Amino acid sequence: MEQITDINQIKNAVLYKVAEYAYEGTLDDKKDGIPYELTDPIVPSFRCCVYREREILRQRVRLAMGRVPSELHYEKTDNTQIVHVMQSACEGCPIDRVTVTNNCQNCLAKKCMKACRFGAIMHTPHGAYIDKSKCKNCGQCVKACPYNAIVDIERPCIKACPVGAVDMDEHDLAKIDESKCINCGQCVVKCPFGAIGAVSMMANVINSIKTNPEHTYAMIAPAIEGQFGKATIPALKQAIEALGFKQCYEIAMGADKVAWSEAEELIENVKNGKKMTTSCCPAFYNMIMKHYPEVKDNMSTTGSPMISAAKYLRSVDAEAEVVFIGPCIAKKNEVVSRYMGEISAALTFDELAAMFAVKKIDPESYEGGEQLATRYGKGFARSGGVAASVMKVVEEEGVDIKPKARICNGAAECKVALQLLKLGRLPEDIIEGMACEGGCVNGPMRQYELIDSKKVFDKNVNVDNTEIISNCKKNGYGDLNIHVHNHS
């Protein structure tokens with residue numbers, strides 16, 4: 001057995017085994033043996049002992065099979081919650097937040113001591129010392145130290161969460177407040193022990209491919225380019241169809257229709273003096289619904305590119321089982337909380353990679369053909385792309401207005417813009433909100449770092465199609481109604 005020591009190796013090994021046995025039809029019989037297959041009988045590979053390793057793997061198998069961890073140690077209140085903590089994998093991260101480092105020069109100014117309002121800092125012959133029983137972690141000493149010798153270290157999962165949904169329980173184990181969580185997946189990526197994971201829909205998708213191959217379709221997000229070597233959208237469509245899907249569609253075509261629809265909304269709203277936000281990023285949507293409900297009526301009533309493409313697909317085949325494929329964890333939440341019945345499942349790129357590996361499919365070996373979406377529809381994958389597409393349609397419509405867009409690159413910028421909108425102080429006409437910095441190309445379940453994948457994406461994004469409205473009509477999206485009214 002090859003030793004697995006890295007977080008991604010562990011996750012991918014479990015996904016591979018679950019995909020392998022799901023294709024075989026033996027998953028229910030073999031699931032309990034997967035932790036033993038992936039560990040040494042005696043020598044641990046990545047944790048203190050093989051028993052803990054097997055328990056962690058058992059919980060990962062549960063997630064990969066679409067189940068929540070059996071050890072869930074906090075109250076689960078939301079059946080649509082996708083992101084969960086695996087208690088057995090959480091280290092409790094015993095970190096003293098505010099700490100004096102060796103850089104302390106034992107200076108005479110004693111600015112750190114003077115800045116502390118709680119009397120927690122004292123000076124010794126060896127430098128400053130913090131009395132943890134008095135420290136309130138306010139950070140004033142960190143700001144005051146002229147040598148940057150005092151640091152404030154926060155737990156990675158808590159620091160990663162943009163909405164304060166991650167906290168610690170009485171045992172210092174991570175817990176998620178589902179009433180706050182937007183399922184963006186940042187804590188999943190940032191936890192250095194891989195203790196937070198997302199529920200997978202992969203096993204159900206494979207079962208659908210096997211039992212209903214004539215009506216199971218895939219839809220791929222444009223951010224997929226650059227995630228599987230140099231494979232282009234046309235090549236990836238063929239590779240995905242080789243997994244057993246009836247056909248694979250470009251979600252970027254749905255994005256073209258979204259741009260058209262949101263542009264019409266924007267034109268009307270500008271005339272009426274009403275501000276609006278985009279609604280295609282599901283984590284941004286969740287942020288509004290859970291943290292800024294006062295502005296939910298300003299959200300676009302246009303559905304996301306995913307639902308746009310799904311509506312088109314179901315107009316072609318009323319029995320279609322539609323599967324979204326992208327880098328986004330929040331899309332899984334969007335499927336089960338908003339579009340269940342219209343979309344069957346959402347896969348992430350790591351799950352798709354596991355399916356490719358089991359079937360020994362190399363996407364780069366396919367040649368592909370024509371790309372059907374515009375460069376603007378594909379541009380939805382990166383920050384600023386949605387706004388650029390909407391403004392392009394405004395230009396195509398020939399109206400005598402020039403709306404202004406506020407592009408929010410990441411959750412922090414989204415929060416600032418939404419606060420301004422809430423207070424009635426937003427100067428722009430529309431907010432483009434993307435929870436991931438850089439956009440979907442930097443989604444939590446990307447296969448490669450942005451600096452590498454973006455080279456391939458940028459090379460392939462400039463397709464010949466540039467006119468959004470005419471391209472929508474040509475591809476059958478012209479009369480499609482993609483408005484949704486469930487902002488509740």
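In this chain, numbering begins with 1 at the start of the sequence shown. Keep in mind that this is a model prediction, so the values were computed, not measured.
To the nearest 0.5 Å, atoms SG (Cys145) and CD (Gln140) are separated by 13.5 Å. Rounded to the nearest 0.5 angstrom, Leu421 CG and Glu428 CD are separated by 10.5 Å.
Of the charged side-chain nitrogens involved, at least one lies within less than 4.0 Å of a carboxylate oxygen, so that Glu294 and Lys422 count as a salt-bridged pair.
When every heavy atom of Ala203 is checked against every heavy atom of Ala22, the shortest pair comes out as CA-CB, 4.5 Å. The nearest pair of heavy atoms linking Lys114 to Ala109 is NZ-O, 3.1 Å. The two atoms that bring Ser308 and Gly254 nearest to each other are OG-O, 3.2 Å, heavy atoms only. Residues Ser304 and Cys280 come closest through the heavy atom pair CB-O, 3.8 Å. A pairwise comparison of heavy atoms in Tyr129 and Thr124 identifies CB-CG2, 4.0 Å as the closest pair. Closest non-hydrogen pair, Ile251 versus Pro305, comes out as CG2-CB, 3.6 Å.
Side chains of Ser208 and Thr216: a donor-acceptor N/O pair is present below 3.5 angstrom, by distance only. Counting only N and O atoms by type, the side chains of Ser300 and Glu262 include a donor and acceptor under 3.5 Å apart.
Atom NZ of Lys290 has more than 12 heavy atoms from other residues, nucleotides or ligands within 6.0 Å. The 12-atom threshold is exceeded at CZ of Phe118, counting heavy atoms of other residues, nucleotides or ligands nearer than 6.0 Å. Around atom CG of Leu423, more than 12 heavy atoms belonging to other residues, nucleotides or ligands sit under 6.0 Å away.
Ala242 meets the side chain to side chain contact (heavy atoms under 4.5 Å, CB included) test with Ile361, Tyr366; sequence neighbours excluded. Every residue two or more places apart in sequence or in another chain that forms a side chain to side chain contact (heavy atoms under 4.5 Å, CB included) with Ile130 is listed here: Val98, Val100, Ile121, Lys132, Cys135, Ile150. Checked against ring-ring contact (aromatic ring centres under 6.0 Å, His included), Phe228 has the following partners two or more places apart in sequence or in another chain: Phe356. In this view, Ala283 and Ile182, Cys184, Cys281, Ala330, Ala435 satisfy the side chain to side chain contact (heavy atoms under 4.5 Å, CB included) rule, not counting sequence neighbours. Checked against salt bridge (charged side-chain N to carboxylate O under 4.0 Å, His left out), Arg62 has no partners two or more places apart in sequence or in another chain. Every side chain to side chain contact (heavy atoms under 4.5 Å, CB included) that Arg58 has, sequence neighbours left out, goes to Pro35, Glu55, Ser70.
Residues Met306 and Met219 are in side-chain contact: their nearest non-hydrogen atoms beyond the backbone lie under 4.5 Å apart. Counting heavy atoms from C-beta on, the side chains of Thr80 and Met340 never come closer than 4.5 Å. Side-chain contact between Ile288 and Phe284 is present, with at least one heavy-atom pair separated by less than 4.5 Å.
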Tabulate below the donor-acceptor pairs under 3.5 Å that side-chain atoms of residues 410-419 make, not counting sequence neighbours, or state none.
residue	atom	partner	partner atom	Å
Glu413	OE1	Asn409	N	2.8
Lys415	NZ	Pro162	O	2.6

Identify all side-chain donor-acceptor contacts of residues 343-352 below 3.5 Å with residues at least two apart in sequence or on another chain.
residue	atom	partner	partner atom	Å
Ser344	OG	Glu321	OE1	2.5
Ser344	OG	Val322	N	3.4
Thr348	OG1	Asp350	OD1	2.5
Thr348	OG1	Glu351	OE1	3.1
Asp350	OD2	Lys11	NZ	3.3
Glu351	OE1	Thr348	N	2.9
Glu351	OE2	Ser200	OG	2.9
Glu351	OE2	Lys332	NZ	2.8

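Side-chain N or O atoms of Asn442 include none that pairs as donor or acceptor with a backbone N or O of Leu450 at under 3.5 Å. Asn183 places no side-chain N or O within 3.5 Å of a backbone atom of Gln81 that could act as its donor or acceptor partner. The backbone N or O of Gly197 sits nowhere less than 3.5 Å from a side-chain atom of His84 that would complete a donor-acceptor pair.
Applying the salt bridge (Lys or Arg N to Asp or Glu O under 4.0 Å) test to pairs two or more places apart or on separate chains, those with a residue in residues 451-461 are Arg382-Asp458, Lys454-Asp458. Applying the salt bridge (Lys or Arg N to Asp or Glu O under 4.0 Å) test to pairs two or more places apart or on separate chains, those with a residue in residues 430-449 are Arg446-Glu449. Pairs passing the salt bridge (Lys or Arg N to Asp or Glu O under 4.0 Å) check and including a residue from residues 151-165, sequence neighbours excluded, read Arg97-Asp152. Contacts classified as salt bridge (Lys or Arg N to Asp or Glu O under 4.0 Å) and involving residues 12-34 (residues at least two apart or in different chains) are given here: Lys17-Glu20, Lys17-Glu37, Glu24-Lys30.
For the pair Arg47 and Phe193, the cation-pi criterion (under 6.0 Å, within 45° of the ring axis) is not fulfilled. Taking the ring centre of Phe324 as origin, the terminal cationic atom of Lys331 falls inside the region bounded by 6.0 Å and 45° from the ring axis.
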